Amino acid sequence: ANALGNITSANQEVIKSLKELLKDRDKDIRMAAINALGNLGSLSEDAVPELVELLKDTEPVIQFAAKSSVEKIGGLSKKAVNSIVKFLSSKNLHISTAVKKILVRIGESSIVPLTLALSDTDKEMKTAATLVLGDIGKTIKTVKEAVPALVLLLRDKEKEVQIASAFALGEIIDSDNFDKIAVGLTEALKDKESDVRYAAAEALGKAGALQNFVKSAAPFLISALKDESNKVRYAAKDSLIRITSKEAMDYLIEALKDS
């Protein structure tokens, strides 16, 4: 298997043989096949589903090797990324956690499949996809393609999905998409669930340095200083403190006097 991994031009028969070896009872043989597929890079794309399945192998060393090989394959097609995304809702925490890390590592190629997953009927899938998009958004600006779908999820019937969406939007928010996101987050500050209001207040604080923050968001955060929930009030205060505008600071001082 190791020798096969050094082949520069592999055909489908080679990949097929390696995929079969992934099922072998011998741990060393499974490990050799995993490493070979990883070394073959993008040629091993068809083996991605089988490699992801190995994240639930009984041997931790196999799990780690499978994760590393998927990351090494790189340049994955939409079909291959979709085969990874479907494991996000796995009941196996180890698998779902590893898959999240893989998708973040893949980065830009994950954005479209993850955005499509936001419309899934499964709560766990929507929540996980939302959080991964937020993590990707910390470093890749093109995740803004997912903003409309994420804003829509702020009104989802599941509280966990709403919260995940708010936190993800907080990571993505910048001067290019601020207006769209601010509308959704300020509306979420009125949600009946205090956890959702808290997440929205926290997310808005990530935009404190933006010029249009004062008129679009600060007034709503100031109103949130009188929220019935302690944690919402604290989050609103903390978010307002992060801002750099003198005008907004004046708002804050006056609001604090009245609270």
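All of these numbers come straight from a predicted model, not from anything done at the bench.
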*Could you go step by step and tell me if Leu18 and Leu22 meet the side-chain contact (heavy atoms from CB on, under 4.5 Å) rule?*
CA-CA 7 Å; Leu18 287 170; Leu22 293 177; 5.9 Å; no

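- Grouping the Ile, Leu, Val, Met, Phe, Trp and Tyr side chains by contacts below 4.5 angstrom, directly or via other members, places Val99 with Ile73.
- When all heavy atoms of Ser44 and Ile15 are compared, the closest pair comes out as OG-CD1, 3.9 Å.
- Here the side chain of Thr127 pairs no donor or acceptor atom with the backbone of Glu124 at under 3.5 angstrom.
- When side chains are defined from C-beta on, Ser110 does not count as touching Val132, because their heavy atoms never get closer than 4.5 Å.
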_Residue pair Glu20, Lys16: steps toward the salt bridge (charged side-chain N to carboxylate O under 4.0 Å, His left out) verdict_ = CA-CA 6 Å; Glu20 286 300 316; Lys16 182 179 179 180; over 6 Å; no

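- In this structure the side chain of Leu116 reaches within 4.5 angstrom of the side chain of Val112, judged on heavy atoms.
- The CE atom of Met31 sits 11.0 Å away from atom CG of Asp26, with the distance rounded to the nearest 0.5 Å.
- In terms of modelled atom types and a separation under 3.5 Å, the side chain of Ser165 and the main chain of Leu150 share a donor-acceptor contact.
- You'll find the side chain of Leu37 stays beyond 4.5 Å of the side chain of Lys72, heavy atoms only.
- The minimum heavy-atom distance between Val232 and Ser194, with the atom names listed, is CG2-O, 3.4 Å.
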*asked:* For a side-chain contact (heavy atoms from CB on, under 4.5 Å) check, start with the C-alpha distance between Leu43 and Val14, then their side-chain angles and the critical distance, and finish with the verdict.
replied: CA-CA 10 Å; Leu43 293 171; Val14 173; over 6 Å; no

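- Between Val48 and Ala80, the shortest heavy-atom distance links the atoms CG1-O, 4.0 Å.
- Tested against Asp57, the residues Arg25, Lys27, Arg30, Lys23 include a single salt bridge (Lys or Arg N to Asp or Glu O under 4.0 Å) partner, Arg30.
- A side-chain donor-acceptor contact under 3.5 Å links Ser239 to the backbone of Ala201.
- Hydrophobic clustering, with ILVMFWY side chains joined whenever heavy atoms are under 4.5 angstrom apart, keeps Ile29 apart from Phe64.
- The neighbour count for Glu108 CD, taken as heavy atoms of other residues, nucleotides or ligands under 6.0 Å away, does not exceed 12.
- Between Leu114 and Ile136 the shortest side-chain heavy-atom distance falls below 4.5 Å.
- A pairwise comparison of heavy atoms in Glu171 and Gly134 identifies CB-O, 3.3 Å as the closest pair.
- A single hydrophobic cluster is seen to contain both Val161 and Leu133, as judged by linkage of ILVMFWY side chains at heavy-atom distances under 4.5 Å, directly or through other members.
- To the nearest 0.5 angstrom, Asn82 atom CG is 10.0 Å from Lys79 atom NZ.
- Side-chain atoms of Lys138 and Asp135, non-hydrogen and from C-beta on, do get closer than 4.5 Å to each other.
- In this structure, Tyr234 OH and Glu202 CD are separated by 8.5 Å, a value rounded to the nearest 0.5 Å.
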*Apply side-chain contact (heavy atoms from CB on, under 4.5 Å) to the pair Glu53 and Phe87, showing each step before the final yes or no.*
CA-CA 9 Å; Glu53 281 284 355; Phe87 286 95; 3.6 Å; yes

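- Hydrophobic clustering, with ILVMFWY side chains joined whenever heavy atoms are under 4.5 angstrom apart, groups Ile95 together with Ile34.
- No more than 12 heavy atoms of other residues, nucleotides or ligands shown are found within 6.0 angstrom of NZ on Lys180.
- No side-chain heavy atom of Leu152 sits less than 4.5 Å from a side-chain heavy atom of Leu118.
- Closest approach of Gly184 and Val151 over heavy atoms only: CA-CG1, 4.1 Å.
- Atom-to-atom distance recorded for Ile173:CD1 and Ile181:CD1 is 5.0 Å, nearest 0.5 angstrom.
- Heavy-atom contacts from other residues, nucleotides or ligands closer than 6.0 Å to NZ of Lys19 number more than 12.
- Under the 4.5 Å side-chain contact rule for hydrophobic residues, Leu40 and Ile84 share a cluster.
- Contact of the Met125 side chain with the Val85 side chain is registered, since non-hydrogen atoms from C-beta on lie closer than 4.5 Å.
- Closest heavy-atom contact between Tyr198 and Lys231: CD1-O, 3.3 Å.
- A distance of 13.0 Å separates CG of Asp227 from NZ of Lys237, quoted to the nearest 0.5 Å.
- When side chains are defined from C-beta on, Val81 counts as touching Leu103, because their heavy atoms get closer than 4.5 Å.
- Results of the side-chain hydrogen bond (donor to acceptor under 3.5 Å, both in side chains) test with Asp191 over Gln162, Lys159, Arg197 single out Gln162 as the only residue that passes.
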*Please assess Leu153 against Lys126 for the test side-chain contact (heavy atoms from CB on, under 4.5 Å), listing each intermediate value before the final yes or no.*
CA-CA 9 Å; Leu153 288 184; Lys126 287 191 291 188; 4.2 Å; yes

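- Atoms CD1 and CD1, from Ile106 and Ile111 in turn, are 11.5 Å apart once rounded to the nearest 0.5 Å.
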